[in-house]
Amino acid sequence: MSAANPTTSPALPATRGKRRADAAERTAATTAAGRRRRRTDPARVVAFVILLVLALAWLVPVLWAALTSFKTEAEAAALPVTIVPESGFTLDAYITTLTSGQVPRWAWNSLLTSTAITFITVVISALAGYALSRMEFVGRKAIVALILASIMIPGQILIVPLFQLMLGLNLVDTYWGIILPQVVAAPMVFILMKFFDQIPRELEEAALMDGASRLRILWSIVLPLSRPILGAVSIFVFIGAWNNFLWPFIVVNDADLMTLPTGLQTVISAYGIQYAQNMAQAMLAALPLIIVFLFFQRQIIKGISTTGIAGT
């Protein structure tokens, strides 16, 4: 009658605690071993080496351009080529570029037109993408098919009709002549449409029952949930507009309205090849894009990895 119950033995909690500690140690050891295996996985090592080689292949020309921009013209053109000039680095190429010519004006034109193109493109793409994602109407599938087909058409094919249209509207040699043909971007409409498809419709039903309009729902519910993809789309459009050379080169002849890529091309044609100044101009042209990437690299990476079409 006085025998102790095995289930209430004082040694049992200690035994359970020891078993739990052993299990935790085994789990930690297994996890550490798995991590070591992943770290030494040959496929991961090969992928890392390939990415490193590609990164160096991209980085070496950029570093060479940067080093050349800090040389004098004589040292930049001298043979044999040296990495570090004998007289040291100088800012003469940057000073000459910024003080002579219209580089600051061209940079302002690029900033103005690229910002306007980005804002208008995002607004149009968001409205069109939401309408195609949420509204059922006659011809919807045909419009989506046309959007997909237009993505496969090279933009250079539209140069002649677009120029004739701008000429008929008297928009040649104007900011609007640069901006308007670039504000309709079929890929961005498709990306936003597919992203909106992933947003649960239940979030909008209550607002519809309360009498909210589609525009109100888009502004108050859909767009706040779409900030990551909107940021990625904005960055992609801005970079494309900033780097665009062909269309501004065709539609603008006035030097005061040229963007930075077209303006730098006229400098090269007029004064011949000046290596240090050309590299300084290239670095100045790339500087805004570098700043954009440094501040918004998370949105860029997320936009590249998802592009709003996951699950399609």
Side-chain angles (χ1 to χ4, degrees), residues 109-110 112-198 218 226 229-253 257-262 265 285 289 292 299-312:
N109 292 339
S110 290
L112 177 64
T113 56
S114 299
T115 303
I117 290 168
T118 301
F119 177 77
I120 299 174
T121 300
V122 171
V123 171
I124 293 176
S125 300
L127 292 172
Y130 181 75
L132 294 172
S133 174
R134 287 296 193 264
M135 301 175 67
E136 296 292 338
F137 53 89
V138 177
R140 175 184 173 277
K141 293 183 179 180
I143 293 176
V144 174
L146 287 175
I147 290 175
L148 293 175
S150 65
I151 296 175
M152 297 181 286
I153 298 176
Q156 292 80 358
I157 296 178
L158 303 176
I159 290 294
V160 174
L162 283 176
F163 182 79
Q164 291 178 341
L165 179 61
M166 295 299 104
L167 193 62
L169 296 174
N170 293 324
L171 294 179
V172 175
D173 276 336
T174 63
Y175 286 128
W176 287 112
I178 300 174
I179 295 170
L180 289 180
Q182 300 185 67
V183 298
V184 178
M188 303 307 163
V189 174
F190 181 74
I191 288 172
L192 290 176
M193 179 189 71
K194 301 307 293 184
F195 187 88
F196 293 154
D197 286 343
Q198 300 174 30
L218 175 64
S226 307
I229 193 63
L230 290 175
V233 167
S234 300
I235 294 168
F236 294 151
V237 174
F238 182 86
I239 292 175
W242 183 276
N243 288 331
N244 193 356
F245 168 79
L246 183 59
W247 177 248
F249 180 76
I250 291 174
V251 78
V252 170
N253 295 316
L257 297 176
M258 289 182 177
T259 59
L260 201 55
T262 58
Q265 181 62 35
L289 302 184
V292 168
Q299 286 83 352
I300 294 175
I301 294 172
K302 186 172 183 178
I304 293 174
S305 61
T306 62
T307 62
I309 55 176
T312 58

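Here the structure is a predicted model, which means the values were calculated and not measured.
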Nearest heavy-atom contact between Trp247 and Met166 is CZ2-CG, 3.7 Å
Start with the C-alpha distance between Asp197 and Ser133, add both sets of side-chain angles, then the distance that settles side chain to side chain donor-acceptor pair (under 3.5 Å), and finish with yes or no. CA-CA 6 Å; Asp197 286 343; Ser133 174; 2.5 Å; yes
Distance from Ile229 atom CD1 to Lys194 atom NZ, nearest 0.5 Å? 13.0 Å
Are Val252 and Thr262 close enough, and set up right, to give a side-chain contact (heavy atoms from CB on, under 4.5 Å), and what steps lead you there? CA-CA 9 Å; Val252 170; Thr262 58; over 6 Å; no
Sequence neighbours left out, what passes ring-ring contact (aromatic ring centres under 6.0 Å, His included) with Phe119? Give chain and number order. none
Donor-acceptor check, side chain of Thr174 to backbone of Gly177, threshold 3.5 angstrom: yes or no? yes
Value rounded to 0.5 Å, distance of CG in Leu162 from CG in Leu167: 12.5 Å
Hey, could you give me the CE/CD1 distance between Met188 and Ile147, rounded to the nearest 0.5 Å? 13.0 Å
Quick one, Asn109 and Leu260 - any side-chain contact, counting heavy atoms below 4.5 Å? no
State, to 0.1 Å, how close Thr121 and Ala185 come at their nearest heavy-atom pair, and which atoms those are. CG2-CB, 3.9 Å
Side-chain donor/acceptor of Thr113 to backbone N/O of Ser110, under 3.5 Å: yes
Closest non-hydrogen atoms of Leu257 and Ile178, given as atom of the first, atom of the second and distance, are O-CD1, 3.8 Å
Steps toward side-chain contact (heavy atoms from CB on, under 4.5 Å) verdict (Leu127, Leu218): CA-CA 8 Å; Leu127 292 172; Leu218 175 64; 3.6 Å; yes
Output for pair (Met258 CE, Phe249 CZ), nearest 0.5 Å, gives 7.5 Å
Could you check Asn244 against Gln182 for side-chain contact (heavy atoms from CB on, under 4.5 Å), going step by step and ending with a plain yes or no? CA-CA 10 Å; Asn244 193 356; Gln182 300 185 67; 2.8 Å; yes
Say you draw a straight line from CG of Leu171 to CZ of Phe163; how long is it, rounded to the nearest 0.5 Å? 11.5 Å
Passes side-chain contact (heavy atoms from CB on, under 4.5 Å), Thr115 versus Thr118? Steps please. CA-CA 5 Å; Thr115 303; Thr118 301; 5.7 Å; no
Specify the closest pair of heavy atoms between Phe196 and Ala126, including all atoms of both residues, with the distance to one decimal. CE1-O, 3.6 Å
Calculate, to the nearest 0.5 Å, the distance between atoms OH and OG1 belonging to Tyr175 and Thr259 respectively. 10.5 Å
Grab the two heavy atoms, one from Ile179 and one from Ala116, that are nearest each other, plus how far apart they are. CD1-CB, 3.7 Å
Closest approach of Ile157 to Pro161 (non-hydrogen atoms, all atoms of both residues): O-CD, 3.9 Å
Hey, are the side chains of Ile143 and Phe137 touching, using non-hydrogen atoms and a 4.5 Å cut-off? yes
